[in-house]
Amino acid sequence: MDRRTALGVMSGFAAAAAADLREIHAQESTPRRGRLFKIATEEACSIPEIAEELRNIARTGWDNLDVLLIRDVYLRPSRTTARFLPSLLDIGAHRIEEMDAHGVDMHLLSLTAPGVQMFDTETAVSLAQLANDRLAEAVSAHPARFAALASFAPQDPKRAVKEMERAIRELGMNGFVVNSHTNGEYLDQPKYWPILEAAEALDAPIYIHPRAPSDGMAAPFRDYRMEAAVWGYGCEVGTHVVRLMLSGALDRFPKLKIVIGHMGEAIPFWLWRLDFMGAPGERRPNQLKPSEYFRRNFAITTSGVEDPLALRYCIDRIGVDSVMWAIDYPYQPTAPAVKFIETAPLSDEEREKIAHGNAERIFRIRVARES
Ligand code: 1DF
Ligand code: MN
């Protein structure tokens with residue numbers, strides 16, 4: 001019996017004394033009573049066929065920043081990266097054991113960065129389909145534990161739309177993942193609008209997940225491994241989001257929902273200045289203020305930012321209904337992410353929304369809670 005049911009049953013007793021009610025309210029304001037249901041929303045996985053293609057890319061001399069991490073994970077794993085590939089490839093028993101060990105109810109799975117976006121068009125189209133089929137299989141094998149985002153190949157927007165429709169309508173997937181730029185291009189460009197239009201029409205969110213900065217802004221990120229999660233990923237996705245807002249692309253797709261990780265990739269912190277400098281005017285086509293797009297079209301996840309001050313700031317800035325919990329498995333450890341959502345200074349209502357309620361609504365995840 002979960003807490004809500006328990007309270008419901010209790011409130012049915014006409015004789016419930018005022019003292020008992022005070023007791024219940026006192027419990028409500030303490031951080032934890034019943035178990036917190038948790039849906040982690042940026043959880044990476046892969047399939048052997050894609051790992052093999054990435055290994056091929058790692059063997060080339062391609063001077064692209066993503067190749068650095070691809071080499072570390074797929075070709076020459078180090079002590080710190082060795083566990084990534086086996087964890088990514090497991091979309092079954094071992095992952096669920098790990099979830100159980102930490103009290104994580106569900107993973108919203110997504111194909112790990114850079115997805116299919118570094119492949120030639122034909123390879124990208126067919127591997128996106130294959131990955132979607134495999135993820136859908138994993139979900140139907142464990143519907144209480146997994147939900148999944150679909151991949152598509154932005155390299156071919158027309159076939160991307162076809163795959164997006166198949167993924168939602170036939171495979172029942174929960175939205176899409178795109179790993180930021182594709183060959184240095186961003187989704188605000190009109191050639192990609194069919195993708196934005198399809199996501200809006202399907203009422204399915206696009207998760208813009210990081211990859212390393214595109215070639216055009218790569219140079220300062222080439223030292224100290226700055227291209228990766230330490231700084232480059234956030235600059236890349238933050239830039240993508242600012243482009244979407246200032247281009248006015250979102251004026252055409254007012255209902256489009258975009259999700260970004262890492263506590264909003266610093267965008268919430270920038271909203272005041274973005275509004276001051278980027279308000280509608282003569283310089284650019286946006287009809288709304290950046291903060292208006294951000295509140296209307298975006299939601300964020302906590303993936304890998306376990307900072308209670310940043311969390312409180314984001315809730316106050318963009319509203320608690322737009323914040324979701326994530327681990328970023330297997331790149332980030334599960335235990336601290338769980339501890340964070342269970343102990344962060346939040347009201348009960350905020351905690352329930354961030355831990356699972358918002359994800360259920362935004363990604364249309366149907367949960368099978370055991371009682
Ligand atoms: C890393 C981080 C790798 C994230 C990821 O996928 C990733 C990393 C290749 O630190 O190596 O998704 N992340 O989202 O922060
Ligand atoms: Mn990630």
Side-chain angles (χ1 to χ4, degrees), residues 1-12 32-45 47 87-111 131-151 166-177 202-205 207 257 259 299 301-303 320-330 334-335 337-342 346 348-371:
M1 195 189 294
D2 67 25
R3 186 174 56 88
R4 238 169 299 168
T5 319
L7 286 174
V9 170
M10 283 171 163
S11 67
R32 290 195 62 200
R33 308 119 328 258
R35 222 181 62 73
L36 180 67
F37 193 86
K38 298 177 214 65
I39 303 177
T41 54
E42 188 194 308
E43 313 315 318
C45 65
I47 61 172
S87 303
L88 290 167
L89 293 174
D90 182 287
I91 328 177
H94 174 74
R95 183 179 294 249
I96 291 172
E97 262 172 45
E98 181 85 6
M99 292 160 67
D100 287 342
H102 296 95
V104 176
D105 295 277
M106 295 185 79
H107 273 193
L108 175 62
L109 302 167
S110 49
L111 182 61
N132 293 340
D133 288 340
R134 295 275 174 78
L135 266 62
E137 275 168 32
V139 171
S140 59
H142 306 281
R145 310 309 301 276
F146 297 140
L149 299 179
S151 292
R166 186 183 80 96
I168 301 298
R169 293 186 185 143
E170 291 172 36
L171 301 181
M173 297 177 84
N174 301 84
F176 309 103
V177 61
L202 293 162
D203 195 17
Y207 201 124
K257 187 64 88 182
V259 179
T301 79
T302 60
S303 54
V320 68
D321 292 330
S322 297
V323 183
M324 294 176 277
W325 177 67
I327 303 165
D328 206 2
Y329 179 89
T334 298
V338 166
K339 185 167 180 224
F340 177 60
I341 190 55
E342 291 193 335
L346 298 167
D348 285 354
E349 192 190 357
E350 288 170 336
R351 197 180 317 279
E352 297 284 341
K353 285 180 170 186
I354 294 169
H356 66 93
N358 292 336
E360 290 172 42
R361 185 186 77 254
I362 291 169
F363 293 110
R364 298 196 190 192
I365 297 173
R366 275 200 308 265
V367 306
R369 282 190 192 75
E370 291 147 37
S371 48

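Judged as a ring-ring contact (aromatic ring centres under 6.0 Å, His included), and not counting sequence neighbours, the contacts of H142 are F146. Partners of R166 by salt bridge (Lys or Arg N to Asp or Glu O under 4.0 Å), not counting sequence neighbours, listed by chain and number: D133, E163.
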Practice task
Please lay out, stage by stage, how L36 and E352 fare under the test side-chain contact (heavy atoms from CB on, under 4.5 Å).
Solution key: CA-CA 7 Å; L36 180 67; E352 297 284 341; 3.8 Å; yes

Practice task
Might you work through the side-chain contact (heavy atoms from CB on, under 4.5 Å) test for I39 and F363, ending with a clear yes or no?
Solution key: CA-CA 11 Å; I39 303 177; F363 293 110; over 6 Å; no

Exercise for the section: Kindly indicate, with the supporting measurements, whether the criterion side-chain contact (heavy atoms from CB on, under 4.5 Å) is fulfilled by S322 and N358. Expected result: CA-CA 7 Å; S322 297; N358 292 336; over 6 Å; no

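Between V139 and A148, the shortest heavy-atom distance links the atoms CG2-CB, 3.8 Å. A150 and N132 get closest at one heavy-atom pair: CA-OD1, 3.4 Å. Closest of all the heavy-atom pairs between S140 and P143 is O-CD, 3.5 Å. Contact detail for A299 and M324: the closest heavy-atom pair is CB-CE, 4.0 Å. Nearest heavy-atom pair, T302 versus A326, reported as atom, atom and distance to 0.1 Å: OG1-N, 3.0 Å. The two residues G92 and D90 have their closest heavy-atom pair at N-OD1, 3.0 Å.
Partner S303 forms a side chain to side chain contact (heavy atoms under 4.5 Å, CB included) with one of T41, D328, I327 and no other, that one being D328.
Put simply, CG on L149 and CG on N174 are 6.5 Å apart, with the number rounded to the nearest 0.5 Å. The distance from atom CD of E349 to atom CD1 of I354, rounded to the nearest 0.5 Å, is 10.5 Å. With values rounded to the nearest 0.5 angstrom, L171 atom CG is found 13.0 Å from R134 atom CZ. Note that the OG1 atom of T301 and the CD atom of E42 stand 5.0 Å from one another [nearest 0.5 Å]. Between the NZ atom of K353 and the CG atom of L346 there is a distance of 12.0 Å, given to the nearest 0.5 Å.
A donor-acceptor pair is defined here as one N or O able to donate and one able to accept, closer than 3.5 Å; such a pair exists between the side chain of W325 and the backbone of A337.
Two residues are said to be in side-chain contact when any heavy atoms from C-beta on lie closer than 4.5 Å; L202 and R169 meet this criterion.
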Please list every donor-acceptor pair under 3.5 Å in which a side-chain atom of residues 104-111 meets a protein atom from a residue at least two apart or in another chain.
unit_1	atom_1	unit_2	atom_2	d
D105	OD1	R35	NH2	2.5
D105	OD2	R35	NH2	2.9
D105	OD2	K38	N	2.8
H107	ND1	R95	NH1	3.2

